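Not measured: the values here are computed from a predicted model.
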Amino acid sequence: SAKSLHKALRVIKKSTLENKKEQEIYERSAYVNLSNLYNATKAQDSAYYYLNKKKHLSLNGDYTERAYLFNGLGYYHVNNKNIDSAHYYYQKSLKEFEEKADHYYKADAIRGLGNVFVEQKKYPQALAIYLKALESYKKMRVWNNEYDLYRSIGEVYNKTENYKEGNKFI
């Protein structure tokens, strides 16, 4: 619950860990969990607040930390119909993975771009991006996201009135 997460965050901030990097990791995790909780409960302003709290810690982190932050900001902006901002953050996330192997967050960023194209009603681009994300999830065996992505692919086919293909995915 939010109450427990807020309590954990207070404890983390008061801690006197000698390793400040370790403390930052715990703090980033608390901010991510709060942001995810508020996203799930549609409390978008609170979700955005905690993403920004995480931002000042993550920009100094490794590329996966930055990518995860950018994906979170992209997700927030898609949900709030700030499509240009969502596109910007998903592109920033993908830039973190240039010349790097497949990664869960990279596949999430690709999928996020698909969501941007759906919002823009650019269905052929959305479909191509979704299929690329699906391929990545399959390689990494991320079954839960693969299942959701099948549904999204089916919905795009249905929006283009290709119901026969759409039904294969839904």
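Residues Leu134 and Ile153 share a closest heavy-atom pair of CD2-CD1, 3.8 Å. Nearest heavy atoms, Ala133 versus Ala107: CB-O, 3.9 Å. Shortest non-hydrogen contact noted between Met140 and His103 is SD-C, 3.4 Å. Minimum heavy-atom separation, Asn71 to Ser93: OD1-OG, 2.9 Å. What you find for Gly74 and Tyr89 is that their closest heavy atoms are N-CB, 3.7 Å.
Looking at Phe70 and Tyr105, their side chains never come closer than 4.5 Å, going by heavy atoms from C-beta outward. Between Gln125 and Leu113 there is no side-chain heavy-atom pair separated by less than 4.5 Å.
Atoms CZ and CG, from Phe169 and Asn167 in turn, are 11.0 Å apart once rounded to the nearest 0.5 Å. Rounding to the nearest 0.5 Å gives a distance of 9.0 Å between CG of Leu69 and OG of Ser35. Atoms OG and CG, on Ser46 and Leu51 in that order, are 11.0 Å from each other to the nearest 0.5 Å.
In this structure, the side chain to side chain donor-acceptor pair (under 3.5 Å) partners of Lys81, at least two apart in sequence or on a different chain, are Glu119. Checked against ring pair (Phe, Tyr, Trp, His ring centres under 6.0 Å), Tyr104 has no partners two or more places apart in sequence or in another chain.
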What do the steps show when you test Thr160 against Leu127 for side chain to side chain contact (heavy atoms under 4.5 Å, CB included), and what is the final call?
CA-CA 10 Å; Thr160 62; Leu127 188 58; over 6 Å; no
Going through the checks in order, is the salt bridge (charged side-chain N to carboxylate O under 4.0 Å, His left out) test met by Lys159 and Glu155?
CA-CA 6 Å; Lys159 287 176 190 244; Glu155 289 170 357; over 6 Å; no
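Taken together through direct or relayed side-chain contacts under 4.5 Å among Ile, Leu, Val, Met, Phe, Trp and Tyr, Val78 and Tyr68 form parts of separate hydrophobic clusters. Linking Ile, Leu, Val, Met, Phe, Trp and Tyr whenever their side-chain heavy atoms come within less than 4.5 Å puts Tyr137 and Phe97 in one cluster. No continuous path of ILVMFWY side-chain contacts below 4.5 Å connects Val116 to Tyr130, so the two sit in separate hydrophobic clusters. Taking hydrophobic clusters as Ile, Leu, Val, Met, Phe, Trp and Tyr residues chained together by side-chain heavy-atom distances below 4.5 Å, Tyr75 does not share a cluster with Leu37. Hydrophobic cluster membership is shared by Tyr90 and Leu94, with clusters built from Ile, Leu, Val, Met, Phe, Trp and Tyr side chains linked at under 4.5 angstrom.
Note on Glu96 versus Lys92: no salt bridge recorded, every NZ/NE/NH1/NH2 to OD/OE distance being 4.0 Å or above. A salt bridge does not link Asp108 with Arg111: every distance from a Lys NZ or Arg NE/NH1/NH2 to an Asp or Glu carboxylate oxygen is 4.0 Å or more.
Note on ring orientation: taking the six-membered ring where Trp is involved, the planes of Tyr48 and His77 are perpendicular (angle over 60°, cut-offs 30° and 60°).
Evaluated for a side chain to side chain contact (heavy atoms under 4.5 Å, CB included) with Tyr157, the options Lys164, Lys168, Glu165 yield exactly one hit, Glu165. The side chain to side chain contact (heavy atoms under 4.5 Å, CB included) with Val156 is formed by just one residue from the set Val118, Ile129, Asn162, Leu131; it is Val118.
Checking Tyr31 against Asn52 by side-chain atom types alone, no donor-acceptor pair falls below 3.5 Å.
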